[in-house]
Amino acid sequence: MTHIRINVHSKTYPAVGQAGHHLAIANLNLSLNAGEFVCLVGPSGCGKTTLLNIIAGLDNDYEGDIIIGKQHTHPKIGYIFQNPRLLPWRTVRENIELTLDKNQSPAIIDPLLEVMQLTHAQNVYPERLSLGMSRKVSIIRGFAVEPDVLLMDEPFVSLDAPTARQVRELLLKLWQQRPHTVLFVTHDLREAIALADRLIFLSAAPMAVISEITVPIPRAERYHENAIETFRQQLLNDYPEIKQLL
Ligand code: ADP
Ligand code: MG
């Protein structure tokens, strides 16, 4: 488990269809403690995917620095994208094996398939999977690399509510068995409350932190819709500025 310090002075994109630049992120400072599950909540287009790409090292075109664990080491990052991005010509198991390092045994996949209830589907091709099943495969891929940090970009978008809930609960089960530092992006406040140790609310561009709130609900009670809903109402009352972000 690894702590993260995020410090983005600025991230700009060329403005689309006009001269100049679009300032996506300005003076953003965030820290995650080792083993913490943090949800980023912010409106569409505020720069959440941009930020994850920067943390993952996929985008180096920014001013600032990201420190993951000890400085000058190469952290391992697990990145669960919004779309599962499975190779259609590979089976479920092969898609997961492709992400492993050479020194990792393929046997580490078995318990992950079991927790995610996919052992029976490991030899099928992605076209035969439901959307919920392909999301589970991409979660397994994220955990399989045994990352220092796990990034998740709205991984449950467009699932129906009962499926999203089931996959969320399996994700928590996996995370409690194998604690990781997690940065999870969502614009669904109920989902964020169900998952996070801490919520970080982000403004529209240029992205900035509006508030940071620790979720006080004990882990054992996160499965109760009532506990989630009561806390959600309380948040919206206490922090009315959150409403415009959702
Ligand atoms: P979010 O994930 O919060 O919805 P994004 O990080 O995808 O937001 O995008 C943030 C802003 O940056 C948006 O205004 C988007 O249009 C812009 N943007 C994202 N990627 C590019 C790109 N490759 N070129 C130009 N603008 C981009
Ligand atoms: Mg996005």
Side-chain angles (χ1 to χ4, degrees), residues 4-32 37-66 68 77-86 131-132 134-139 141-142 147 149-161 163-164 167-168 171 181-196 198-213 235-236 239 241-246:
I4 316 179
R5 306 260 171 282
I6 298 159
N7 181 358
V8 180
H9 299 309
S10 78
K11 165 67 195 172
T12 55
Y13 285 115
V16 180
Q18 51 187 320
H21 290 91
H22 169 72
L23 181 60
I25 305 177
N27 298 318
L28 183 83
N29 292 296
L30 298 176
S31 311
L32 276 74
F37 198 128
V38 170
C39 281
L40 296 180
V41 185
S44 180
C46 79
K48 303 180 295 298
T49 299
T50 300
L51 179 64
L52 293 191
N53 287 341
I54 288 174
I55 298 169
L58 302 178
D59 181 349
N60 293 310
D61 183 18
Y62 69 100
E63 300 289 325
D65 47 13
I66 308 290
I68 300 178
I77 311 245
Y79 196 166
I80 298 171
F81 300 103
Q82 201 160 352
N83 290 313
R85 303 189 185 186
L86 303 178
L131 192 56
S134 21
R135 300 291 169 95
K136 289 184 194 174
V137 177
S138 73
I139 290 171
R141 280 199 308 196
V149 173
L150 200 47
L151 307 175
M152 299 193 213
D153 194 359
E154 309 203 44
F156 305 140
V157 148
S158 61
L159 292 183
D160 60 82
T163 307
V167 184
R168 225 167 27 231
L171 164 66
T181 312
V182 177
L183 195 53
F184 185 106
V185 163
T186 179
H187 58 251
D188 179 337
L189 185 52
R190 281 194 192 84
E191 171 165 279
I193 295 169
L195 290 171
R198 187 156 53 103
L199 309 173
I200 299 181
F201 291 94
L202 302 165
S203 69
M207 178 199 267
V209 174
I210 293 187
S211 34
E212 299 192 36
I213 294 157
L235 269 185
L236 295 174
Y239 301 88
E241 67 274 19
I242 291 172
K243 279 185 201 144
Q244 73 212 33
L245 308 175
L246 303 170

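Remember, it's 1-based here, ligands and their atoms both numbered in the order they're listed.
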Contact between Val209 and Asn29 at the side-chain level, heavy atoms closer than 4.5 Å - yes or no?
no
Leu40 side chain reached by Phe201 side chain, heavy atoms, under 4.5 Å:
no
Using the six-membered ring wherever Trp is involved, compare the ring planes of His22 and Tyr13 and label them parallel, tilted or perpendicular (cut-offs 30° and 60°).
parallel
Tell me which protein heavy atom sits closest to [atom], plus the residue, atom name and distance to 0.1 Å.
| atom | value |
| --- | --- |
| atom 14 (O) of ligand 1 | His22 NE2, 3.4 Å |
| atom 8 (O) of ligand 1 | Gly47 N, 3.2 Å |
| atom 24 (N) of ligand 1 | Tyr13 CD2, 3.6 Å |
| atom 7 (O) of ligand 1 | Thr49 CB, 3.8 Å |

Identify whether the distance between the nearest side-chain nitrogen and carboxylate oxygen of Lys11 and Asp59 falls below 4.0 Å.
yes
Specify whether an N/O/S atom of Thr50 falls short of 2.8 Å from the Mg ion (ligand 2).
no
Where Lys48 and Leu202 come nearest, the two heavy atoms and their spacing:
CG-CD1, 4.3 Å
Correct closest heavy-atom pair for Ala194 and Arg168 would be CB-NE, 4.1 Å
Any N or O of Pro14 closer than 3.5 Å to N or O of ligand 1
no
Polar atom proximity, Val16 to ligand 1 (N or O, under 3.5 Å):
no
Just do the side chain to side chain donor-acceptor pair (under 3.5 Å) check on Glu191 and Thr186 with the steps written out, would you?
CA-CA 8 Å; Glu191 171 165 279; Thr186 179; 2.9 Å; yes
With the threshold set strictly below 4.0 angstrom, can you tell me whether any protein non-hydrogen atom sits that near atom 17 (C) of ligand 1?
yes
At less than 4.0 angstrom from any non-hydrogen atom of Thr50, what atoms of ligand 1 do you find?
5 (P), 6 (O), 9 (O), 10 (C)
Which ligand 1 atoms are under 4.0 Å away from a heavy-atom of Ser44?
4 (O)
Taking a cutoff of less than 4.0 Å between a non-hydrogen atom of the residue and any ligand atom, is Cys46 in contact with ligand 1?
yes
CD/Glu212: more than 12 non-hydrogen atoms of other groups inside 6.0 Å:
yes
Which is closest to atom 1 (P) of ligand 1 by heavy-atom distance: Gly45, Ala24, Ala205?
Gly45
